[in-house]
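Data block below; observations after.
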Amino acid sequence: MDEFRYRDGQLYCEQIPVKDIAATVGTPTYIYSAATLLGHYRKMAEAFGLLKPTICYSIKSCQNLHICSMLADNGCGFDVVSGGELYRALQAGADPSQIVYAGVGKTDRELCEAIEAGIGLFNIESEAELQNLASIVASRNARVSAALRINPDVDPKTHAYTSTGKKETKFGVDLDKAHELFKAWNNHKSVHLRGAHLHIGSPVYTVEPYVEAIQKVLKLIHSLKSEGVVIDSLDIGGGYGANYGITDSPSAADYARAIVPLLKSENLKIYIEPGRSLVGNAGVLLARVLYTKETPAKRFVITDTGMNDLIRPSLYGAFHFIWPAQVAKEFVPASRAEKLDLPGLLEVDVVGPVCESGDFLAKGRCLPPMERCDLLAVFTAGAYGMVMSSQYNSRPRAAEVLVQGDRWRVIRRRETYEDLLRAEIEVEY
Ligand code: LLP
């Protein structure tokens with residue numbers, strides 16, 4: 001699952017006790033394990049190996065340049081959804097031909113930048129976007145490859161905010177519209193509409209929604225073929241789970257076992273866009289206890305991190321396993337379950353310093369007794385952690401640290417008070 005383990009009551013990331021990092025860099029700090037990230041990347045590549053997929057890391061899940069470079073160096077492509085993400089991917093050394101670009105609202109500037117970069121595939125989300133791309137490409141006497149994002153109307157059984165494959169969501173076009181567009185745009189001189197794209201939601205903890213969506217799209221591809229329209233690529237999206245600890249997520253091999261047989265004789269170029277499943281378990285957010293407080297209603301552990309650093313509990317009610325980074329022998333956790341059967345735990349709300357009651361990391365969680373200055377680790381925070389952080393309440397963003405074996409380095413310095421004001425002082429017009 002990952003390289004964050006307790007040894008003699010100390011939490012280690014690979015060979016490094018996380019307390020050493022806190023002593024130098026302070027808290028809150030995101031700590032990433034290179035071995036965990038690359039291990040998950042390799043497992044994904046192996047599991048889907050029969051399909052020889054292009055793996056396009058969904059950069060939105062954790063966009064740090066150094067994390068992205070590491071993946072690019074290992075041959076990984078990128079799934080981007082903005083000009084900023086494209087810029088990051090290119091700066092990280094991505095091969096442009098292995099970049100796919102989704103998103104319902106690409107601006108003209110972003111489309112131009114992607115054309116100039118020579119990206120592999122535009123994942124188009126509407127007829128209007130297709131027309132706009134075609135006119136921009138035509139004005140430059142160029143030709144680009146594109147795929148249509150299809151909304152297959154399947155239920156990924158995940159949080160409504162991250163469910164993207166049901167018909168009432170803004171994503172993609174329905175199957176009938178896709179059929180019409182593929183026929184109308186067959187052999188277009190500026191846009192080679194050659195692929196189908198799916199991304200049904202995140203996280204998707206069962207394989208059935210993938211199978212249903214892929215079967216629907218294959219039916220469309222086969223019927224187009226019989227009408228002389230060739231679709232030669234299929235992007236099956238992301239959404240594969242990470243292990244948060246409540247229930248074990250299917251592994252890459254479990255997803256592949258259901259998906260690969262559907263595609264292995266289809267003669268399609270396959271793309272996969274995992275984010276969370278690669279980087280989720282590769283990161284923890286390390287924080288420090290500022291105070292503990294007992295009221296007639298509750299016990300609170302107040303930390304120096306909160307919704308501004310990790311918004312997932314507040315926004316989605318998401319579960320993250322939280323545990324002290326230094327514990328007595330009897331408190332070494334045997335698993336990352338929501339409730340551990342250990343004597344002497346206290347039920348607490350783990351909250352942050354932000355001035356909202358929605359600022360919590362966990363509610364009603366049973367943890368070992370904690371004191372001011374104790375270190376606390378929030379696990380499986382590598383995906384959609386730092387990227388969704390904000391400076392709310394004028395809180396400088398956390399530092400990021402990358403551990404590789406017995407070495408570690410800061411890959412994003414902690415923001416300063418000056419950083420908070422920079423864009424307001426350096427005003428051009
Ligand atoms: N491809 C597309 C087009 C996407 O929109 C996404 C995620 C992915 C791939 C990668 O999904 P993953 O493999 O990471 O699950 N903020 C939410 C998750 C939002 C996901 C958005 N799209 C969270 O914290 O759970």
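In this pair, Phe321 and Phe379 present their aromatic rings tilted. The plane angle is within the 30 to 60° band.
By the side chain to side chain donor-acceptor pair (under 3.5 Å) test, Glu356 pairs with Tyr392, sequence neighbours left out.
Other residues, nucleotides and ligands place no more than 12 heavy atoms under 6.0 Å from the CZ atom of Arg407. Other residues, nucleotides and ligands place more than 12 heavy atoms under 6.0 Å from the CZ atom of Arg7.
Rounding to the nearest 0.5 angstrom, the gap separating the CD1 atom in Ile231 from the CG atom in Leu193 is 6.0 Å.
Under the ring pair (Phe, Tyr, Trp, His ring centres under 6.0 Å) criterion, no residue pair touches residues 37-78, with sequence neighbours excluded.
Residues Ser33 and Glu3 share a closest heavy-atom pair of OG-CB, 3.5 Å. Listed here is the closest heavy atom pair of Ile55 and Cys76: O-SG, 3.6 Å. Closest approach of Ile124 to Ala146, counting heavy atoms only: CG1-CB, 4.0 Å. Among all heavy-atom pairs drawn from Ile322 and Leu367, the shortest one is O-CD2, 3.2 Å. Between Ser314 and Gly358, the closest heavy-atom pair is OG-O, 2.6 Å. Looking at every heavy atom in both residues, Met370 comes nearest to Pro324 through SD-CG, 4.0 Å.
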*Derivation of the side-chain hydrogen bond (donor to acceptor under 3.5 Å, both in side chains) call for Arg276 and Ser58*: CA-CA 8 Å; Arg276 185 194 315 269; Ser58 194; over 6 Å; no
*asked:* Apply ring-ring contact (aromatic ring centres under 6.0 Å, His included) to residues His320 and Tyr244 and explain how you reach the verdict.
replied: CA-CA 6 Å; His320 285 264; Tyr244 287 91; 5.3 Å; yes
_For Asn281 and Thr36: C-alpha separation, side-chain torsions, deciding distance, then whether side-chain hydrogen bond (donor to acceptor under 3.5 Å, both in side chains) applies._
CA-CA 7 Å; Asn281 280 101; Thr36 306; over 6 Å; no
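Salt-bridge annotation for Lys264 and Glu266: absent, with no side-chain N of the basic residue lying under 4.0 Å from a carboxylate O of the acidic one.
Considering Asp248, Asn243, Asp2 as possible partners of Arg336, the one that fulfils the side chain to side chain donor-acceptor pair (under 3.5 Å) test is Asp2.
In this structure, Glu208 and Lys157 have side chains that are not in contact, with every pair of non-hydrogen atoms separated by 4.5 Å or more.
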